[in-house]
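Worksheet: the structure to be examined is printed underneath.
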There are 2 protein chains.
Amino acid sequence: MEPRKRPGRTPAPAGRTSRPRQAEVARLAGVSQATVSLVLSPKPDGKGPVISEETRRRVLEAARSLGYVPDPAARRLAAARNNLLGVFSFTATFPTDVQHSYYPFLVGVEREAAALGYDLVLFTGSSTGGAGAAGPDALSRVRLADGCLFIGRHTPRPELKRLVEDGFPVVHLGRREELEGVAWVGADYVEATRDVVVRLAELGHRRIVLVREDDDAPASTDRQRGFLEGLEEAGLPSGPTTVFRSADPQRELTPERLRAWADEGVTAFVAEETDTGAAWRGLLSAVRAAGLDCPEDVSLALLGSPPADLASEPVPTGFDIPRPQLGAAAVRLLAALVAGEEASEPLVGCVFRPGPTTGPPRARP
Amino acid sequence: MEPRKRPGRTPAPAGRTSRPRQAEVARLAGVSQATVSLVLSPKPDGKGPVISEETRRRVLEAARSLGYVPDPAARRLAAARNNLLGVFSFTATFPTDVQHSYYPFLVGVEREAAALGYDLVLFTGSSTGGAGAAGPDALSRVRLADGCLFIGRHTPRPELKRLVEDGFPVVHLGRREELEGVAWVGADYVEATRDVVVRLAELGHRRIVLVREDDDAPASTDRQRGFLEGLEEAGLPSGPTTVFRSADPQRELTPERLRAWADEGVTAFVAEETDTGAAWRGLLSAVRAAGLDCPEDVSLALLGSPPADLASEPVPTGFDIPRPQLGAAAVRLLAALVAGEEASEPLVGCVFRPGPTTGPPRARP
DNA sequence: TTGTATGCGTTATCAA
DNA sequence: TTGATAACGCATACAA
């Protein structure tokens, strides 16, 4: 019977230069295509069929002579794995202003992803229209990866939740406990802040004031918690005035107020790190305006890293957020989720940073 | 007759939640998978079968409710586009040392990619082993994307050439004329340097010295060419001594030599920008050591941007490499290649940067 | 206008 | 140890 012509795609694009396929390697080596695949992508040691040395040699030789390179698309399709991890930030991943960028995180993310054999897909977030402007399903694009890392403060909860419910591996960089079910990796601000407070107490400080913005982000409340825990551990009282809230430190954190505190016996201040560094900035300028010397009159500590534009000034006492390690930890967690494991290593420790802005309190008359 | 079990792969992993496929969308919408494909990836206006508005609506609704996203690998395999542009750098894209990063380029790359509707795949390149350590197929992974942008100095030529020969769209960021057939986008150092020289001449300088490292990278030789062209355009002589070569400016660029030049009538120096900023650094320290004032005694210009660690010093006269624009131009070119167009816009202009380090030469007795 | 039937290049399974 | 063969998810030629 005549094999009648059947519908379907045209056999060959014909026009373009096409690279050698496993089939051609197989023909040249005198084996089947499947054998070529077995030789060229062996299972992790031991598993799978064993290929005779002679066959292996012939296949490798044929592949080399033909300049065979595997097609990543086909490979990933067949393996049901893209080896792609998404990175989604709600601002541009690469803002023009380097200061606000996630660069330090990305350092770790890239390194760890490479180590684990993943490539990265950068999803251009809500930023500049384009690829996936806004819209409810903007987040849907990330599904093209095997899993996705989310960075940034303002996370659209419903969409994220939807992804998680669908079993899509998601990790949030920065604490997100409140989003139930969303895996996250964050810095241990509680422990780091407590450490700073305890060290101040050990220096002899009895009254310490926390300067923070009026924000209920975990990054902020965690520091407050650590602050209180530190006071308690050091056996210090925690009167209500020890927590200073302000959305506009510049205005509320006046020299007068500072001086009043000093008169009340306050000898140390700790300020949280924020995007803008407003709390720390406000504290610094108020101290200067009040004519107080640091660390002679007051000790100052920054709960985080100083803003980039203060790089020329001496680095204050405080702690460093290990951003690259955080990024790396997030990738590890994400990779575990992708692999179906249930790993969980949320908190990454910060490291205490000694500095010239703290010292023993001045002996009071 | 019993349909006997035939060899092949197990139909479905069954256990894990898997991303929705066109088949599921089709089922939900009550149409065939092919119809879903037609609706979801329509041919450029007019071509192809026309789908009824009603069907289209149902399909889109189903796709949205399932959170459907096309599988990039499958798309590529089926000889179509997946709206992914690759970025491959031969060093880590995000090095720990921010100074050497491609960040400024990426700013433009991301913005333009988003504007054009592409997402970016960061191929974790030669960095730390991992994904594709070395090997010929390390570069091959980029074929997952529709095209790829290459950044960095040390380009493995054979692999790159191979990609180009296979018709894979490739653009190199940074001049790569010598790699025949490789499209590239670069900054116009020749023009920018000439501009600086001419402006110096207009200020009244008659003898100008170029400080550059002994490097034959286009970035370096282009500046030299621009330097010579500038001299010629200004009608100035170009004796051999006007070009200073040194791999170690710190040692060769001595205060004595500088003073000698000054005595010979040299009133201006231009230094190339390099990775390390060695030329500029060497020039600066030699000038200071020689006790020369800038710009009173000598005018200094930097052919590029100052190193990050000199950020606190006044920004010298020179020109700025519009890195974001370069990145954007590269993406535009790449997108054009992907679309099958033959666009070509290799050179991006630099912008002159006035500064306090240049002025009219001191009137000589 | 929509459904059917391939084919893309691999990997994975089972039979030989 | 190797070879058929199916399936991965999508796009497309052709039939209905």
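Letters A, B, ... mirror the listed sequences (proteins, then strands); counts begin at 1. These numbers were taken from a predicted model, which means no experiment stands behind them.
Nucleic acid contact class of A/S37 (heavy atoms, under 4.0 Å, all strands): base. Contacts of B/V36 with the nucleic acid, taken as non-hydrogen atoms under 4.0 Å apart, are absent.
In this structure, the CZ atom of B/R76 is 15 Å from the C1' atom of C/dT10, given to the nearest Å. Going from atom CZ of B/R58 over to atom C1' of C/dT1 covers 13 Å, rounded to whole Å. Atom-to-atom, CG of B/L38 to C1' of C/dT4 comes out at 12 Å; the value is rounded to the nearest Å. A/E53 places its CD atom 10 Å from the P atom of D/dT2, with the value rounded to the nearest Å. Whole-Å rounding puts the A/Q22 CD to C/dG9 P distance at 11 Å. Residue B/D166 contributes atom CG, which lies 17 Å from atom P of C/dC8 at whole-angstrom precision. Rounding to whole angstrom units, CG of residue B/L40 and P of D/dT12 are separated by 13 Å. B/N82 places its CG atom 10 Å from the P atom of D/dA11, with the value rounded to the nearest Å.
Using a 4.5 Å heavy-atom cutoff, the side chains of A/Y102 and A/V87 are not in contact.
For B/Y68, the ring pair (Phe, Tyr, Trp, His ring centres under 6.0 Å) criterion is met by no residue, not counting sequence neighbours. For the side-chain contact (heavy atoms from CB on, under 4.5 Å) test, residues two or more places apart in sequence or in another chain that qualify with B/R162 are A/R19, A/P20, A/V69, B/E165, B/D166.
Taking only side-chain atoms of B/A34, from C-beta outward, the nucleotide of C/dA5, C/dT1, D/dG9 with the closest atom is C/dA5. The B/A74 side chain lies nearest to D/dG9 when the options are D/dC8, C/dT2, D/dG9. Nearest to the side chain of A/V31, among D/dG3, C/dC8, D/dC10, sits D/dG3. Minimum atom distance to the side chain of A/S41 is reached by C/dT11, of the listed D/dT12, C/dT11, C/dC8.
At C/dG9, none of the side-chain N or O atoms of A/R75 fall inside 4.0 Å of OP1 or OP2 (strictly under the cut-off). The side chain of B/T55 places an N or O atom within less than 4.0 Å of a non-bridging phosphate oxygen (OP1 or OP2) of C/dT2. Phosphate contact (OP1/OP2 of C/dG9, side-chain N/O of A/R21, threshold under 4.0 Å): present. B/T35 has a side-chain polar atom (N or O) that falls below the 4.0 Å cut-off from OP1 or OP2 of C/dG3.
A salt bridge is absent between B/E53 and B/R57: the closest approach of a Lys/Arg side-chain nitrogen to an acidic carboxylate oxygen does not fall below 4.0 angstrom. Of the charged side-chain nitrogens involved, at least one lies within less than 4.0 Å of a carboxylate oxygen, so that B/E61 and B/R64 count as a salt-bridged pair.
Along DNA chain C, the nucleotide nearest to B/G30 and the one nearest to A/A23 differ in position, and the one closer to the 5' end is contacted by B/G30. The residue among A/Q33 and A/I51 whose nearest nucleotide of DNA chain D is located toward the 5' end is A/I51.
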